[in-house]
Enquirer: 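My questions will all concern the structure given below.
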Amino acid sequence: MSAPAPVLIGDMTWTDYVARLKSDPVIILPVGSLEQHGPHSPLATDTIIPIEIGKAVAARIGALVAPAIAYGYKSMPRTGGGNHFPGTTSLDGDTLTRLTRDILTEFARHGARRVLVLDSHYENEMFLIEGIDLALRDLRAWGVEGLKIMKARYFEFVSEATLSKVFPDGFPGWPLEHAGVMTTSVLLHLRPHLIHMDRVPNQPPIHYPPYDVFPVDPRSGTQTGILASAAAATAEKGALLFQEFVEGIAKAATAEFALANRGA
Ligand SMILES: [Zn+2]
């Protein structure tokens with residue numbers, strides 16, 4: 001019996017990769033960060049989650065998963081605690097834009113025409129969009145046609161019904177969900193050995209004013225790295241969320257890329 005075909009591009013030989021590209025698969029590019037996620041969660045939280053979602057989506061839609069961009073744009077106080085924490089290892093916006101642009105144009109050079117950029121770090125948003133836009137502009141100028149890119153943030157695929165199950169006392173909003181109940185639950189499901197529930201800070205949600213001040217004063221804002229407590233995180237909530245992310249993204253990719261529906 002032969003082994004299943006690899007889903008990770010990095011595990012493939014170049015000849016197998018070329019052969020797979022002939023069937024015009026979607027390439028999934030996970031994008032995350034190396035960023036503090038409180039005293040209880042790993043620095044790679046934002047990278048592990050889109051890689052695992054990417055692998056599960058790939059299994060459903062016959063996609064390939066590229067090595068992740070494992071560093072992100074600078075952590076902001078109101079969405080990630082701030083860039084001053086040790087361990088938070090960030091890129092300038094221009095670097096992230098260029099990385100994205102280079103990787104996408106390389107995929108296109110190989111013959112890929114369908115790419116799903118799967119982002120998980122709040123601060124990456126506009127730099128990824130800029131990288132996508134510039135890659136498409138480059139390709140047009142080079143006469144390369146037909147590349148379609150879908151960009152998604154997994155947490156936007158959660159339903160109201162699941163939100164009220166995961167946050168029975170009220171949803172604090174995605175910006176405050178940095179190392180909170182959502183990411184901690186998903187990692188309790190995916191990598192329980194990397195989560196230290198005994199170290200979850202017991203603190204109320206941080207209330208930031210509706211503006212930013214630069215330079216950032218490390219004495220203001222969160223001192224633990226979390227913005228809302230993860231005390232209510234469980235592996236069961238994580239499994240529910242993960243399933244919903246995977247199903248929602250697979251369905252959206254199937255529709256956007258007009259893939260034959262393989263069923264769940
Ligand atoms: Zn982040």
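Atoms within a ligand are numbered from 1 in the order they appear, just like the ligands themselves.
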Enquirer: Rounded to the nearest 10°, what angle sits at the Zn ion (ligand 1) between ND1 of H121 and OD2 of D46?
Expert: 90°

Enquirer: Would you find a donor on one side and an acceptor on the other, under 3.5 Å apart, between the side chain of Q203 and the backbone of I226?
Expert: yes

Enquirer: Is the distance from the Zn ion (ligand 1) to some N, O or S atom of H37 under 2.8 Å?
Expert: no

Enquirer: What about H110 and Y17, are their ring centers closer than 6.0 Å?
Expert: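 Distance test on ring centres: under 6.0 Å, yes.
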
Enquirer: Under a 3.5 Å cutoff, is there a donor and acceptor pairing between the side chains of D138 and T105?
Expert: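 Their side chains do not contain a donor-acceptor pair, so the 3.5 Å distance test is not met.
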
Enquirer: Among the N/O/S atoms of E35, which is closest to the Zn ion (ligand 1)? Give the atom name.
Expert: OE1

Enquirer: Indicate if the distance from the Zn ion (ligand 1) to the nearest N, O or S atom of E123 falls below 2.8 Å.
Expert: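 Checking the Zn ion (ligand 1) against E123, no N, O or S atom falls under 2.8 Å.
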
Enquirer: Between T97 and F127 (side chain of the first, backbone of the second, donor and acceptor by atom type, cut-off under 3.5 Å), is there such a pair?
Expert: yes

